[in-house]
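Working notes for the structure below.
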Amino acid sequence: MARAFTKIAFTDHVKQVQSDMGSRALYQTLEHGVTDEVFIDARVKQFIEQQDSFYIATTNEDGWPYIQHRGGPKGFLKVLNETQIGFADFAGNRQYLTVGNIVGNNKVCLFLMNYAEKRRLKLWGRAELVHEQDNFSLVQQLEVAEFRAPVERGIVITLEAMDWNCPKYITPRYTQDEIAQFLVDD
């Protein structure tokens with residue numbers, strides 16, 4: 001996983017800044033990792049399936065980045081197989097910035113946070129928009145039965161890299177469910 005991540009994230013400019021700041025030697029070792037294979041193991045699968053939100057980054061045709069928060073019930077981000085994740089694209093404010101950006105450039109980055117445990121996972125991949133008329137069974141698989149938001153399409157992401165990020169500076173935050181559980185446990 002490390003080599004795949006560094007191939008995407010460590011551009012020449014990044015490497016130069018790492019050199020200037022004295023961290024290049026440390027991070028250069030990641031570039032010589034054993035494997036380029038990116039797959040979702042049991043630990044990653046469990047983390048993904050526990051998310052009730054994530055952030056997705058895209059870029060438009062002018063190179064401007066855009067980050068959007070996506071939320072839903074826990075588990076709405078689904079693991080489809082060892083290399084793919086997906087989610088139902090619920091109707092929102094109808095700006096379609098993320099969807100439009102994916103049409104022009106399918107490279108995306110997802111940032112998954114568990115604030116309570118101070119853990120984060122970064123995922124890079126290529127997104128595909130899946131419409132019900134083209135693949136009904138896949139869109140149906142991405143839907144969340146108990147969630148009543150209208151689904152406009154599915155978004156499937158084929159992973160190309162991932163990286164567990166350090167917990168430094170993550171301020172713990174808790175969901176209502178987590179707080180309720182704390183109160184029950186006391």
Side-chain angles (χ1 to χ4, degrees), residues 1-59 65-89 98 101-102 105-128 142 144 155-179 181-182:
M1 286 190 286
R3 274 181 60 190
F5 156 64
T6 63
K7 284 181 179 180
I8 292 173
F10 292 177
T11 62
D12 290 341
H13 290 107
V14 169
K15 291 175 186 178
Q16 183 59 54
V17 173
Q18 289 173 344
S19 293
D20 294 346
M21 300 303 293
S23 64
R24 182 72 195 125
L26 170 68
Y27 287 113
Q28 190 170 10
T29 62
L30 291 178
E31 294 174 17
H32 304 291
V34 177
T35 181
D36 278 338
E37 291 181 48
V38 177
F39 65 93
I40 299 169
D41 62 19
R43 176 179 172 221
V44 171
K45 184 178 191 296
Q46 180 182 21
F47 188 80
I48 290 171
E49 291 177 344
Q50 290 300 307
Q51 299 304 306
D52 62 4
S53 71
F54 62 89
Y55 302 91
I56 184 170
T58 58
T59 56
Y66 179 68
I67 300 171
Q68 184 175 56
H69 174 266
R70 293 297 178 109
K74 192 178 283 191
F76 82 102
L77 181 59
K78 300 182 184 302
V79 174
L80 301 175
N81 58 48
E82 287 186 332
T83 61
Q84 290 184 316
I85 59 174
F87 60 96
D89 187 21
T98 297
N101 288 348
I102 289 170
N105 178 355
N106 70 346
K107 294 177 183 175
V108 299
C109 185
L110 276 66
F111 209 81
L112 284 62
M113 296 290 299
N114 180 320
Y115 291 100
E117 296 178 12
K118 297 175 66 169
R119 293 172 53 205
R120 62 182 148 211
L121 178 63
K122 299 177 289 189
L123 304 169
W124 285 264
R126 294 183 186 268
E128 175 189 356
L142 296 173
V144 180
I155 297 180
V156 173
I157 299 161
T158 301
L159 299 180
E160 295 196 11
M162 65 177 72
D163 181 51
W164 288 99
N165 206 209
C166 82
K168 197 172 190 177
Y169 306 122
I170 298 176
T171 302
R173 290 183 168 81
Y174 302 94
T175 66
Q176 289 178 332
D177 290 341
E178 289 165 336
I179 291 170
Q181 189 60 47
F182 289 145

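Residue numbers run from 1 in the order of the sequence given.
Note that CZ of Phe111 and CE of Met113 are 5.5 Å apart. Values are rounded to the nearest 0.5 Å. Distance check, rounded to the nearest 0.5 Å: CD1 of Ile155 to CD1 of Ile102 gives 4.5 Å. Once rounded to the nearest 0.5 Å, the distance linking CG of Leu30 with CZ of Phe10 reads 5.5 Å. The CG atom of Asn81 lies 11.0 Å from the NZ atom of Lys45; values are rounded to the nearest 0.5 Å. For the atom pair CZ of Arg120 and NZ of Lys122, the computed distance is 7.5 Å after rounding to the nearest 0.5 Å. To the nearest 0.5 Å, atoms CE (Met162) and OG1 (Thr83) are separated by 9.0 Å.
Annotation for Ile67 and Ala57: closest pair CG1-CB, 4.1 Å, computed over non-hydrogen atoms. Here the shortest heavy-atom pairing between Ala127 and Val108 reads CB-CG1, 3.9 Å. Residues Val38 and Ala4 approach most closely at CG2-CB, 3.6 Å, considering heavy atoms. Residues Val144 and Pro73 come closest through the heavy atom pair CG1-CG, 3.5 Å. Nearest heavy atom pair, residue Phe76 against residue Gly72, reads CE2-N, 3.4 Å.
Counting only heavy atoms from C-beta outward, the side chains of Ile170 and Asn165 never approach each other to under 4.5 Å. Put simply, the side chain of Lys15 reaches to within 4.5 Å of the side chain of Glu31, judged on heavy atoms. Within the 4.5 Å cutoff, the side chain of Phe87 has no heavy atoms near those of the Ile85 side chain. Side-chain contact between Thr158 and Glu128: absent, with no pair of heavy atoms (C-beta onward) separated by less than 4.5 Å. Side-chain contact between Leu112 and Leu77 is present, with at least one heavy-atom pair separated by less than 4.5 Å. Taking 4.5 Å as the limit, some side-chain heavy atom of Val44 sits within range of a side-chain heavy atom of Trp164. Here the side chains of Leu159 and Glu82 are not in contact, with every heavy-atom distance at 4.5 Å or above. Looking at heavy atoms from C-beta onward, Leu142 lies in side-chain contact with Leu80 at the 4.5 angstrom threshold.
Asp12 and Gln16 share no side-chain donor-acceptor pair at under 3.5 Å. Donor-acceptor pairing under 3.5 Å is lacking for the side chains of Gln18 and Ser23.
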With side chain to side chain contact (heavy atoms under 4.5 Å, CB included) as the test, would you mind laying out the steps for Thr98 and Arg70 before giving the verdict?
-> CA-CA 11 Å; Thr98 297; Arg70 293 297 178 109; 3.7 Å; yes
CA sep, side-chain torsions, deciding dist, call: Glu178, Arg173, salt bridge (charged side-chain N to carboxylate O under 4.0 Å, His left out) | CA-CA 9 Å; Glu178 289 165 336; Arg173 290 183 168 81; over 6 Å; no
Output, in order, the C-alpha distance, side-chain angles, deciding distance and verdict of side chain to side chain contact (heavy atoms under 4.5 Å, CB included) for Gln51 and Lys74.
-> CA-CA 5 Å; Gln51 299 304 306; Lys74 192 178 283 191; over 6 Å; no
Where do Asn114 and Phe47 land on the side chain to side chain contact (heavy atoms under 4.5 Å, CB included) test, with the steps shown first?
-> CA-CA 8 Å; Asn114 180 320; Phe47 188 80; 3.6 Å; yes
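Within 6.0 Å of CD on Gln46 lie no more than 12 heavy atoms contributed by other residues, nucleotides or ligands. Dense packing is recorded around NE2 of His69, with more than 12 heavy atoms of other residues, nucleotides or ligands lying under 6.0 Å away.
Tested against Thr58, the residues Asn105, Asn101, Asn106 include a single side chain to side chain contact (heavy atoms under 4.5 Å, CB included) partner, Asn101. Screening Asp163, Leu110, Ile157 for a side chain to side chain contact (heavy atoms under 4.5 Å, CB included) involving Trp124 leaves a single residue, Asp163.
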